[in-house]
Amino acid sequence: MGCMSDVDADPRDLEAFAERFKQRRIKLGVTQADVGSALANLKIPGVGSLSQSTICRFESLTLSHNNMIALKPILQAWLEEAEKSHREKLAKPELFSGAEKKRKRTSIAAPEKRSLEAYFALQPRPSSEKIAAIAEKLDLKKNVYSAGI
DNA sequence: ATGCATGAGCC
DNA sequence: GCTCATGCATA
């Protein structure tokens with residue numbers, strides 16, 4: 001009866017894991033479909049993506065026992081990865097939000113551009129107060145000046 | 001979330 | 001042919 005070398009085959013463990021899995025997935029703001037497709041990024045040999053259906057069935061324990069056993073380590077691996085990178089984002093937002101932080105290329109309309117060039121001809125290196133004043137006059141954000149240098 | 005269909009592996 | 005894992009389509 002008590003055969004099988006599966007250390008992890010206890011239905012109670014599975015139940016507990018499935019529950020934790022779902023809660024933590026939701027806490028990460030990730031859908032079942034997201035999990036399924038993200039599995040492919042784990043690059044576990046012989047493991048591709050799974051469907052939303054399968055993730056759902058895993059969480060609700062409606063897969064066969066063997067199927068659950070087989071899927072558990074995979075989903076566990078995903079969960080650990082997901083939580084790791086989530087922590088990294090919280091710890092070092094500046095490294096990760098590069099795409100979000102980067103200012104878009106500034107484009108300056110022709111009239112403003114001519115004005116700025118005129119100001120620059122008069123005074124190539126104005127103080128930040130001057131810059132602010134110029135920005136005010138031209139109704140531009142003050143950091144636009146440095147974009148024009 | 002789930003009924004139904006499909007394809008892979010098995011004997 | 002049967003079982004099982006999985007996906008699609010849908011309410």
Side-chain angles (χ1 to χ4, degrees), chain A residues 1-117 119-120 128-129 131-149:
Chain A
M1 300 296 196
C3 56
M4 301 300 104
S5 53
D6 282 324
V7 209
D8 246 355
D10 185 357
R12 294 198 147 285
D13 287 348
L14 278 176
E15 193 178 336
F17 176 77
E19 183 67 23
R20 268 185 306 132
F21 180 88
K22 182 172 185 175
Q23 289 174 336
R24 294 164 113 177
R25 170 181 69 77
I26 291 172
K27 195 157 259 176
L28 290 171
V30 177
T31 68
Q32 294 172 336
D34 290 337
V35 174
S37 48
L39 289 180
N41 304 333
L42 284 177
K43 304 295 272 173
I44 300 175
V47 178
S49 60
L50 287 175
S51 66
Q52 170 264 333
S53 310
T54 304
I55 306 302
C56 170
R57 284 165 170 148
F58 181 88
E59 290 180 350
S60 59
L61 300 156
T62 50
L63 295 170
S64 75
H65 182 75
N66 286 341
N67 202 184
M68 292 290 296
I69 298 291
L71 258 32
K72 182 189 171 191
I74 297 167
L75 295 181
Q76 191 163 30
W78 171 83
L79 183 59
E80 284 165 11
E81 265 301 302
E83 292 190 320
K84 181 159 73 79
S85 55
H86 184 255
R87 282 193 301 274
E88 282 171 3
K89 282 184 192 177
L90 291 183
K92 313 191 171 194
E94 73 282 359
L95 288 184
F96 229 102
S97 64
E100 196 176 312
K101 252 194 164 184
K102 187 172 181 181
R103 173 170 53 80
K104 282 186 180 173
R105 172 187 270 275
T106 299
S107 76
I108 304 171
E112 287 79 6
K113 185 182 175 189
R114 267 185 268 106
S115 298
L116 287 169
E117 283 168 349
Y119 281 115
F120 184 79
S128 59
E129 288 80 8
I131 293 177
I134 295 170
E136 176 95 16
K137 248 181 191 160
L138 299 182
D139 197 30
L140 296 171
K141 299 285 197 315
K142 74 176 187 307
N143 66 2
V144 167
Y145 182 86
S146 43
I149 292 184

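Throughout, a chain's letter reflects where its sequence line sits, starting with A, and its residues are numbered from 1. Every value quoted in this text rests on a predicted model; they were computed, and no experiment measured them.
Within the 3.5 Å criterion, the main-chain N or O of Ala40(A) finds no donor-acceptor partner in the side chain of Ser49(A).
Residue Leu39(A) is tested with Thr54(A), Leu71(A), Leu50(A) for a side chain to side chain contact (heavy atoms under 4.5 Å, CB included); the sole match is Leu50(A).
Among the nucleotides dT6(C), dC8(C), dA5(C), the one closest to any side-chain atom of Thr54(A) is dT6(C).
Going from atom CG of Leu39(A) over to atom P of dA5(C) covers 17 Å, rounded to whole Å. Rounded to whole angstrom, the span from the CG atom of Leu75(A) across to the C1' atom of dT6(C) amounts to 14 Å. As a whole-Å value, the separation of Leu61(A) CG from dA1(B) C1' is 14 Å. Asn67(A) places its CG atom 10 Å from the P atom of dG7(C), with the value rounded to the nearest Å. Between Met68(A) atom CE and dT6(C) atom C1' there is a gap of 15 Å when expressed in whole angstrom units. The interatomic distance linking Phe58(A) (CZ) with dA1(B) (C1') rounds to 17 Å, in whole Å. Rounded to whole angstrom, the span from the CZ atom of Arg57(A) across to the C1' atom of dC4(B) amounts to 10 Å. In this structure, Leu63(A) atom CG and dA1(B) atom P are separated by 13 Å, rounded to whole Å.
Scanning atom types as modelled, no donor and acceptor separated by under 3.5 angstrom connect the side chain of Ser51(A) and the base of dC8(C). With hydrogens and angles left out, the side chain of Thr62(A) and the base of dT2(B) share no donor-acceptor pair within 3.5 Å. Between the side chain of Gln52(A) and the base of dA1(B), a donor-acceptor pair under 3.5 Å is found.
Between Val30(A) and Arg25(A) the shortest heavy-atom distance is O-NH1, 2.7 Å. Trp78(A) and Ala38(A) make their closest contact through NE1-CB, 3.6 Å (heavy atoms, listed as atom of the first residue, atom of the second, distance).
In this structure, Ile55(A) reaches neither bases nor backbone, as no heavy-atom distance under 4.0 Å exists between it and the strands shown. Within the 4.0 angstrom heavy-atom criterion, no nucleotide atom of any strand lies near Glu59(A). Across all strands, Ser64(A) comes closer than 4.0 Å only to sugar-phosphate atoms, never to a base (heavy-atom distances).
Side-chain polar atoms of Asp34(A) and Thr31(A) form a donor-acceptor pair below 3.5 angstrom.
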